[in-house]
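Residue numbers start from 1 in every chain, and the chains themselves are labelled A, B, ... in the order their sequence lines are given, proteins ahead of strands.
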Amino acid sequence: MDYGILLMQQILNGLHIGSIYALIALGYTMVYGIVKLINFAHGDIMMVGAYIAFMMITAFNLPLPIAIIISMASCALIGMGIEKVAYKPLRNAPRMWALITAIGVSFFLETLFTILFGASSKPFPTLSLAPIQIGALQISQIMMISIGLSVFLMIALELFIKETKLGKAMRAASEDAKAAALMGISVNKTISIAFAIGSALGAIGGILFAMAYPQIKPLMGVMPGLKAFIAAVLGGIGILPGAMLGGFLLGIIESITKGFLSAFWPDASLWADAILFLILILVLLLKPAGILGKNVREKV
Amino acid sequence: GCQKADASSDTIKIGGSFDLTGEAAQYGIATSNGVKLAIDEYNANGGVLGKQIEFILEDNKASQVDATNAFKKLVDNNKVIGFIGSDISSTTETIANLAAEKNIPMITPTGTKLGITTIGPNIFRACYVDPAQGELLAKFATEDLKAQTAAIMINSEQDYSTGIAEAFEAAFTAEGGTVVEKVNYGKNDVDFKPILANIKNANADVVVIPDYYETIATLITQAREIGITSTCIGGDGWDGVTEKTVNNPEVVEGSYFVNHYTVEDDAVIVQDFISNYKATYDAEPNAFAALGYDAAKILIEAIKTCESTEADAITAAMQNTSLDCVTGHITFDENRNPVKSVSVIEIKEGQNTLYKKLDAVK
Amino acid sequence: MLKVEKLNVYYGNIHALKEISFEVQKGEIVTLIGANGAGKTSTLQAISGMIKASSGAITLKGKPITYEEAHKLVPLGMAHVPEGRRVFAQMSVEENLELGAYTIKDKKQIASDIEKMYKRFPRLKERRKQLAGTMSGGEQQMLAMARALMSRPEMILMDEPSMGLAPILVQEIFEIIKEINADGTTVLLVEQNANRALQIAHRAYVLETGEIVLSGEGKDLLSNEQVKKAYLGA
Amino acid sequence: MKNKNKSLIILGSLLLTYLFLMIGLSLGMINSYFSGVIVAILINVIMASSLTLVTGYLGELVLGHAGFMAVGAYTSALITMNLDLSAALEFPIALLCGGAFAAFIGILIGIPALRLRGDYLGIITLGFGEIIRIVLNNLKVTNGAKGLSGIPSYSNFTVTFFVTIVIVTAFYLLIKSRHGRAIIAIRENEIATDCVGICTFYYKTFAFAIAAFFAGIGGGLYAHYLQVLSPSSFGFLNSIEYLIIVVLGGMGSLSGTIIAAIVLGVLNEVLRAFSEYRMLIYSLVLISMMVCKAKGITVGLILDKLGLKNKLKFRGKQNISIGKEG
Amino acid sequence: MALLEVHKMSVNFGGIKPVSELDLQIEEGELIGLIGPNGAGKTTVFNLLTGVYTPTEGSITFNGERIDRLKTHQIVKKGITRTFQNIRLFKQMTVIDNVKVAFNNRLKYSPLEGILHLPRYKKEEAWLEEEAMKLLKIFELDKYAYELSMNLPYGKQRKLEIARALAGSPKLLLLDEPAAGMNPNETNELMQTIKLIRDQFNMTILLIEHDMNLVMSICERLVVIDYGMVIARGTPSEIQNNEKVIGAYLGQA
Ligand SMILES: Nc1ncnc2c1ncn2[C@@H]1O[C@H](COP(=O)(O)OP(=O)(O)OP(=O)(O)O)[C@@H](O)[C@H]1O
Ligand SMILES: Nc1ncnc2c1ncn2[C@@H]1O[C@H](COP(=O)(O)OP(=O)(O)OP(=O)(O)O)[C@@H](O)[C@H]1O
Ligand SMILES: [Mg+2]
Ligand SMILES: [Mg+2]
């Protein structure tokens, strides 16, 4: 067996699932960046996005791109709505309170969709694009779309946050909402926008996920949501390039332990998640603020 | 609320508990639908012992604590005289302990873990145990598919999957075959490409995938995508997979699995079940639903036979079951596992078709 | 310019401001003095919308703003140098200044104003890329002041702008206050440095446990025995 | 003086509660279902009050508490399954060993983990919790995914009731001691705590170990109540469940935690009949409870508004100040 | 030998060198003022002395022992405590508990003794209550003892910080702008209190302050720093007339 090819193939696999983690993690980070909320419902927004696209395609026979746009727009609205109802009242409360509300929202969306669509999975229409063969390597086209999209969106968002006025306002509002208001920044508006962007990103992530693993079900967002959260932390929570890097890394680590390591150590995939978490723990011990995180010391 | 015991109650109360909201809810719901269908049919025909059957269903969201509370509630508050459930093995085993202690006749439609029924003389099941499926698959692979090499994919967090895999490996080796590759994955995995690379390299005659249909659908799609062409086989968990692959039916084409029944079976009971289920739930009945239906039937028929609602009498009657069911003609062995025939299903043109029937194994 | 009538503020059960009424005319420097916990900060915060008044009426340029959200007051020409500086710690000095000019559209004006601030506080120019949170206490105080001025306010509320500043800068700050006032900005100033504050103020109010107990011209209060004894440490 | 009286009253009312429940139980008025629900709630009380030591009092986010419970559960179950002593002897031994081993693991994990803060600590504890679960899933002694069965049924109502009382009391007293003060001080301001000469690292690890110890005991009770164990009962969502109780109870309030455990436990049972709609209602209740909490709407306030504390004077919008950090 | 001896101490934060080659000596019982322009590095000196930051170069000797590599809590045990420029109280704890926490190192009972209310616990806690109250009385905070510290007005919070620092029974007390946010009258009161504690506890005190009235009237010696380096040392009157200090810090009054 050619291990080099195997390793390359596994890295490619990792980049694929990683790019989806990255997209979801970007959404996470948008929201986290402004309200410092670990939005446990983000994975479920992703599920909602996938379901909306599914409905658009199967029930209304719309073409995929239009379905994606509708799904993103509706998720943006849903995200803003959730923020208004469930998070805004807790803005001045201790952070862990909002965390619990987020969990509540997550349960709510999961159950609501179970009731609406049933607990069992639905086959999601895939694009049957033939994989591109480069030598012994196979590259699926959906994968290239996912990777390209996540890199593009990361750069666009980073520019938005760092350079635009609105982006700066978001950062200011996240640090000290009251002081930001004294600058004339409408904190409510900024937060709404962050949720809209984050949720729309979640929707894209959900659709790409559904296209790659063509089943959707109400609990589909739980694991990717958790992984995306881990990715965001790994890269340095609140940092957009970090989220993307974390997502890719996570995907690669996963696929290498499961697919490459297991060629030498048959039980590797039994321990895959443990290995993943161990790496995460090691990284955080060496870099307590994540890979790209700056450990800014509190001025005393 | 806390009700007083009412011996002269005018209904016969049967309890059930399944995962209706947890991580395996799709299976629990299908099973409980089968149960409900059977009970509704009995009630429509006048019930049993001249009384209507009241089926009380409690959710346990796949949690052992919830299963315990649900069962105790059914017994203590609702005074059920028999119990059907649960779906997955962990909650079923939890309940079986309690049912043995309280001596409530119990039958699980789908709890396949080996030790469950030996917990007490009143614990039965409608499905076959995991090892039996593994052995059947091994036999089928060597005899019918003439397979010499096999690769196994195991969901290591699921005792159903590990149980079948272990038995398959033992039997397959005993028959002279070699297991050339074994890979594990977790219950939450969706990206199987990494492990499939190894399966592809192994290039075995058959690939054994003992898991449930939703995972199978995702897994096998990716397997075909990366160019695995081996024949795939599996257990009863596969029933339902064709629905999940309607968009790309070619991925499961030519696969085989052993099942409790086949839709092609023209026995009246099977055809009635299928049409009634479709009419009631607007969905195809899968093996879970069929087993739920049979479990209910076995319990109710036992009550009918012994003409009593007394636990020991029902248990004895269940032990002596000899009944035509959707999943075949069922009798019980001394460990209260069903002895029934097995259908080998071949997926052809996106449909489950009967390949052959195997005799009952023990 | 600013009119406060019968303002009441509660924190839970604490009645922090009791029926406070006062006025600031256009072009004036008015100062509020009082002991710790008298309610000076609460007054400023209620005006700028950082906390909600329980009752009372506040008008700015004749427009009622009692329950207006804080961010809507900036376009009306109000700025607030808050207690405790509250600079954006994770952002650079320059970004802090840019945010001060959030409501200003004219990019050229912003750039020239930033230069102006750098001239006033050379230390800020030296540290323009440093994260504001790592600056020393006094440096942050300068930044907070500069940031508020960036919006070119007509009315500025200042909460202890000289706190933690070196003596040489304290002089500087009071010079700046006079300067911007001369340029037409109305100032409502809260200061512990009552001596200096009363010297530059046109008028002053004395606050004691949430109530206004005394008011008058700055110079008059400076020689008021009661004030001397209580606040000037005579 | 006042304190003595208070604790006597509490003790008395506890005993009365117990007697009342026991009589109910023996007369058959309270059946095994209710006593089962009570036992499950009591175990949740233990789990949540141990978690609140770290999350509420120390102020650190922990997302892997179920892991410690698992360690205690498996350890104690393996002991009682393999020891051949009388129940009265082996059960306490098993519980204590379970607790001790969980505490040991807690220290092992705590030493590296506690160098991190906030969400990073949260994720790292989540990681350790999952690692524990995966280890249990792959070990031979724990019987892997199939889990353990045939564990003796020792956790009856009386045992659980008194163990819970002892644990909660111990927590209460610990919080009131110098150690408790140090732990709370760390939550309030770590740098200042350091600067008054307290080794924050030691006290953090200490809190973590104690929490793990009691979670381990909780796990032991759990194992001997259910009689079967499988690794999947100790996943991430289980940890979340305890966190919900802690936060709902008010973080750093033992009585609140107990009340929340009871309310959620009862809610869970009441809603069971709604099957599919159960989680929908549960989640809505959860969200509205948190929103009400944040708006300061509490039972006390409602009583206030109803005039039970007479003064009904409405003072308009109030500025309720709450600490920013949790 | 001096109580505190700082020799060529420097610190570097990625290019910025807030303190460089600083020498400082304090004799037992002295009351010294550390002054200098904003951003001169005064607070950083405190952070270095208390181990919040570790010096990149140089040494700190306290009471004959090197302390520059010790952790904060170890340094506190050696006898240096401090207050903060930005108040850092245990906000949600009562006033008295704020002080009690700082007594922690002087208590010996174990967790088990605490849980079981054994005699040592009772004895020590009773002593603690008394001592903490005594300290609060000095600062006239006793009537707020059971209020949450965050509900105190600013000036009282500063006093509580000093009380808390004293609870560790330090040999050297570091006060960072204790009079900030106080009006002249309150500053006067504070001055009296500082004098009082120095006499009563025979404490060595190093204080940072921008209020010249306070500094000049109670400090025996002043050290002036700018850009992390000492630019002048001397008695208040010497400093007041030092051209360099006037130019950089005092300004023409
Ligand atoms: N967030 C709050 N929560 C509760 N009470 C508060 C809060 N903020 C202020 N108070 C109380 O309100 C009263 C007035 O406080 P305020 O801060 O306005 O006084 P101040 O005059 O600015 O005092 P200082 O000179 O100390 O800054 C004080 O008694 C204070 O304790
Ligand atoms: N963690 C840090 N990172 C970068 N620069 C820092 C850091 N801490 C302090 N500085 C810089 O070091 C210099 C000294 O700060 P320090 O707080 O010691 O000043 P200070 O003398 O106390 O001033 P003030 O009187 O204004 O409080 C400042 O210019 C500050 O910006
Ligand atoms: Mg103030
Ligand atoms: Mg300073």
Novice: Which bit of C/M135 comes within less than 4.5 Å of chain E, counting heavy atoms only: side chain, backbone, both or neither?
Specialist: neither
Novice: So which of C/R127, C/E172, C/Q140, C/E191 has the biggest tally of heavy-atom pairs under 4.5 Å with chain E?
Specialist: C/R127
Novice: When rounded to the nearest 0.5 angstrom, what distance separates OG in E/S149 from NZ in E/K91?
Specialist: 8.5 Å
Novice: Can you say whether C/A35 sits under 4.5 Å from chain E via the side chain, the backbone, both, or neither, judging by heavy atoms?
Specialist: both
Novice: If you round to the nearest 0.5 Å, how far is CD1 of E/I35 from SG of E/C219?
Specialist: 8.5 Å
Novice: Using a strict 4.0 Å threshold on nitrogen-to-oxygen distance, state whether C/R120 and C/E179 make a salt bridge.
Specialist: yes
Novice: Are the ring centres of E/F84 and E/F46 closer than 6.0 Å?
Specialist: no
Novice: Sub-4.5 Å heavy-atom contacts with chain E: which residues of residues 80-88 of chain C show up?
Specialist: C/R85
Novice: Which bit of C/E160 is near chain E, if near means a heavy-atom gap under 4.5 Å: side chain, backbone, both or neither?
Specialist: side chain
Novice: Against chain C, label E/I16 side chain, backbone, both or neither, depending on which of its atoms sit under 4.5 Å from a heavy atom there.
Specialist: side chain
Novice: Taking NZ, NE, NH1 and NH2 as the nitrogens, is one of them in E/E30 or E/R221 under 4.0 Å from a carboxylate oxygen of the other?
Specialist: yes
Novice: When you check the gap from the basic side-chain N to the acidic O, do C/R128 and C/E94 get nearer than 4.0 Å?
Specialist: yes
Novice: What part of C/Q141 lies closer than 4.5 angstrom to a heavy atom of chain E: side chain, backbone, both or neither?
Specialist: neither
